[in-house]
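Notes follow the structure.
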Amino acid sequence: MYYDIDSVRYMTGSVMAAGSVVDTPGADPVIDVRDLRMRYGDKEVLAGVDFSARAGEVVVLLGPNGAGKTTTIEILEGFRARSGGHARVLGVDPAAGDERWRARLGVVLQSWRDHSKWRVRELLTHLGSYYEAYSTAEKRRPWVVDELLEVVGLTAAAGTAIGRLSGGQRRRLDVAIGIVGRPDLLFLDEPTVGFDPEARRDFHDLIHRLTDVDSTTVLLTTHDLDEAEKLADRILILATGRIVASGSADELSRQVAGESEVRWTRDGRRFVHSAADATSFVRELFGQHGEAIGDLEVRRAGLEETYMRLVREAEGEGR
Amino acid sequence: MRRLIGAGVRRGVIELRQTVTNVADVIGYLFAPVMLIGWLQVIKGDEVPGSTVSLGAYSLVSSLALLLVISGVTSTAQYLTMDREDGTLLRAKATPNGMIGYLIGKIVLVAGVMVLTCVVTLLPGSFLVEGLRFDGGTWLTLLWLLPLSMLALMPAGAILGSFFETARGAAILMLPVLGLTAISGIFYAHSVQPGWLQGVSQVFPMYWLGSGLRSAFLPGEPERQLATAGVLAIWAVLGLGLAPRILRRMARRESGSLVAARRERAMSRTI
C-alpha cells in the first residue's frame, strides 16, 4: 500500500489547521497585510497587497523595479504612511508602533552611508546599547558585539573607520546593525548587493542561523532569483502593485504550466527540445530510438522562467 | 531614561572626539580664531572711539559672540542636514529611542564645540590684548550666559537646518549670520547705526550675546543682564517649543528611498 503524496499533505495540513485553533502565543502571524494600498498623487503603487508571515518564516519579495517592493517594506517598517488597507506587524499597526515595538524590529535598507567617521565596534556597541532596556529572559539584548562581529565576519575590521570599509564589508556592517538588537522580525532590502560568492554564502548561513536558532522572521527583497530559491520558505512575486503569485520555488513552477526542457544524446550528438508534456515526449523518443538514447535529462521550468512569465503576464494585464 | 541619557552623552563625546581629531574640521575651527588674532595684532594699541576700552579687547570679546553664533546655529543646521543626507538620522529613527539619543548627542557635541571655541579664542587672545577682566563676576556671568545662549541658538539652528535638503544648501545660512554681524555691534560700536537698525539687531540673540560677553570681560561696559537674559530666554522658549515639533515632522518623512534619492542627486552633482 502506498500514500498519494498530495493526500498525505492534505491530511497533515488539516491536522495543523486543527491545532492552530488553540490560542497559543506566537500563533498570530508576525506580519499580516490585507488589501494594502499606496498611491502617490494619482499614481497607484500598491493596488491591494495581501500576505502574512509566521514566526521563523523567510518570506522573499521578488519583483521588477518599481513593482512596489521597497514601498511595501517601508510601510511595514513604519517609515511610510499607507493610503489604505490593513497592516499588522508583530500585532501592531506599523503607523502607530512605539519604541518597544521598534526594539523588536531589525531594518537593513538598500543604501546606508551613515556614521562614516565612527569605528565599526564603536557604532555596534553604541547602537546595541539602546536595546538593553528591552532585554528579556528568553532573548538577551543586545547581541554581544564581539560575537556579532565574528558572525558577520568583521572581526578584523572592528577598529576600522566605517567610511573606509569596502562595499561588501559595509553591507555586512549594515546587516550586523540590523540584527544587533536580536530582532523578532528582520527586514532586508536587497541585502547581498556587492557581496562576493563567499560572502553571499556566509550571509545565507547567517539567515538560516537566525531563523533556526532565534526563530527570527525575515522579510527580504532581492533581484537574485538564485538567492530567493535558496533562502525562501515562501516567495511572493510582486508586479504592478499586486502579488501575482506566492509559494515555494517548486510550487511556483508548478503553478505555471510551463514547458519542460528535455536533453539527450544519440550517436554522440546532443539534442535539446522544449515540450509541454515531457512525459509523453520522452515515451515517444524511446519508442523511436530505443537504446540509442543516452544522458537523458528532463528539467521543469526553473524559477527564472516562472518569474519572467508571471511578471510579463501581470504587466500585460495591467495595460 | 538614565540609560538613554548615558547613551546620548556617550554619542556626543564620541562625535566630539571625532571632530577634534579630524584635520579638516580642526582647520575649520581654528581658521576664524587665527584670523581674529592676526587682526588683533594689527589694531594693537588702538582704543574704541570715545572710551578707554582697547579696540583689541572689544573686538576679541565681540568676535567670540559671532563665533558662538556660528557654532550654535550654522553648525547645528549643517550637522542636521548632513545627518539627514547620509542616513544617520534615519538610523536613529530605526533604533528604539534612537532620536532622543541622537538629539542628546548633538547637544553635547555642539556644547563641546562652543566651549572649545571659547577656549581657543580667549586663551591666546587674552595674552595679546590688554584690559580684559577676569574676576568672579566674569565667571558668574559666563555661567548663566553660555548655557542660556546654547538654549537660544541650538533650537534655532535645528529648525533652520530642517528647511534645507542638503548640507550644501544649509551653508547659505552663513549669509544672514554675517548680515547680523554687521548690524550687531560686533566689529564696531552699535551706537553709530541708525536707530531702526539698532532696533532690528536687538531682536536677535547675537547682539545680546555680544553685549553680555562684553559686560563680563570689559570693565566699564554697561550691564544689561536682565534684558540679555530676557531676550535669550524668549528665543530659548520659542525654539524649544517649536524645534521638537518641526524635527518630528521632518523625521517622520525620512525613509530609505528618500535617503537613496538624495544620495543619487548628490552623486550626479559631483559628476
Side-chain angles (χ1 to χ4, degrees), chain A residues 40 45 66 68-75 77-81 95 97-119 121-123 125-135 141-142 161-163 173-174 177-178 180-181 183 187 189-190 221, chain B residues 1-25 79 82-102 104-105 109 167 249-267:
Chain A
Y40 301 113
V45 180
K69 298 190 299 282
T70 298
T71 301
T72 305
I73 272 206
E74 285 185 349
I75 290 171
E77 287 164 346
F79 289 167
R80 200 172 270 278
D98 58 2
E99 301 303 312
R100 180 169 297 279
W101 173 77
R102 171 73 55 207
R104 297 175 64 197
L105 302 184
V107 170
V108 178
L109 298 180
Q110 265 180 39
S111 69
W112 288 109
R113 51 189 185 117
D114 60 310
H115 291 98
S116 61
K117 287 181 181 170
W118 289 60
R119 291 174 198 289
R121 183 198 300 278
E122 204 170 54
L123 184 62
T125 308
H126 174 70
L127 291 176
S129 72
Y130 290 88
Y131 293 89
E132 274 167 26
Y134 302 100
S135 184
R141 295 184 162 108
I162 292 167
L173 173 66
D174 292 336
I177 294 172
V180 69
F187 293 105
D189 205 354
E190 299 189 14
T221 72
Chain B
M1 196 60 204
R2 246 185 54 207
R3 201 164 4 199
L4 185 54
I5 292 171
V9 170
R10 271 195 305 280
R11 180 177 181 89
V13 170
I14 288 172
E15 293 199 322
L16 195 59
R17 198 201 62 220
Q18 284 162 355
T19 190
V20 298
T21 52
N22 181 299
V23 177
D25 286 2
Y79 291 141
M82 244 149 57
D83 288 344
R84 271 173 93 190
E85 226 177 342
D86 70 12
T88 301
L89 205 65
L90 183 59
R91 184 76 83 189
K93 200 176 146 185
T95 312
N97 299 310
M99 285 304 275
I100 301 174
Y102 171 87
I104 296 174
L109 171 64
R249 211 193 60 189
M250 177 189 80
R252 206 168 27 229
R253 294 211 318 260
E254 287 301 295
S255 68
S257 37
L258 209 67
V259 172
R262 251 185 247 130
R263 174 198 183 152
E264 231 147 74
R265 245 177 299 148
M267 300 244 283

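Each chain gets a letter, A, B and so on, in the order its sequence line appears, and its residues count up from 1. Excluded from the calculations below are hydrogen atoms, water molecules and symmetry mates; all remaining heavy atoms, backbone and side chain alike, are included.
For the pair A:Asp114 and B:Gly87, the tightest heavy-atom approach, listed with the atom from each and the gap, is CB-C, 3.6 Å. Of all the heavy atoms in B:Ala94 and A:Tyr131, the pair that sits closest is O-OH, 4.0 Å. When all heavy atoms of A:Tyr130 and B:Tyr102 are compared, the pair lying nearest together is OH-N, 4.1 Å.
Side-chain atoms of B:Arg91 and A:Asp174, non-hydrogen and from C-beta on, do get closer than 4.5 Å to each other. Considering only heavy atoms from C-beta on, A:Thr125 stays 4.5 Å or farther from B:Arg10 through its side chain.
If you measure heavy-atom distances from B:Leu89 to chain A, you find no contacts under 4.5 Å at all. At a 4.5 Å heavy-atom cutoff, the contact between A:Ile177 and chain B is made by side-chain atoms alone. Within the 4.5 angstrom heavy-atom criterion, atoms from both the backbone and the side chain of A:His115 approach chain B. The parts of A:Trp118 that come within reach of chain B are both its backbone and its side chain, each placing non-hydrogen atoms under 4.5 angstrom from that chain. If you measure heavy-atom distances from A:Gln110 to chain B, you find no contacts under 4.5 Å at all.
In this structure, CD1 in B:Ile14 is found 4.5 Å from CD in A:Glu122, a value given to the nearest 0.5 Å. Taking NZ of A:Lys117 as the start and OG1 of B:Thr88 as the end, the distance is 10.5 Å to the nearest 0.5 Å. How far OH of A:Tyr134 is from CG of B:Asn97: 4.0 Å, rounded to the nearest 0.5 Å.
In this structure, the side chain of B:Arg3 does not engage the main chain of A:Ser129 through any donor-acceptor pair within 3.5 Å.
Each of A:Glu132, A:Arg113, A:Arg102 has some count of heavy-atom pairs under 4.5 Å with chain B, and the biggest count is that of A:Arg113.
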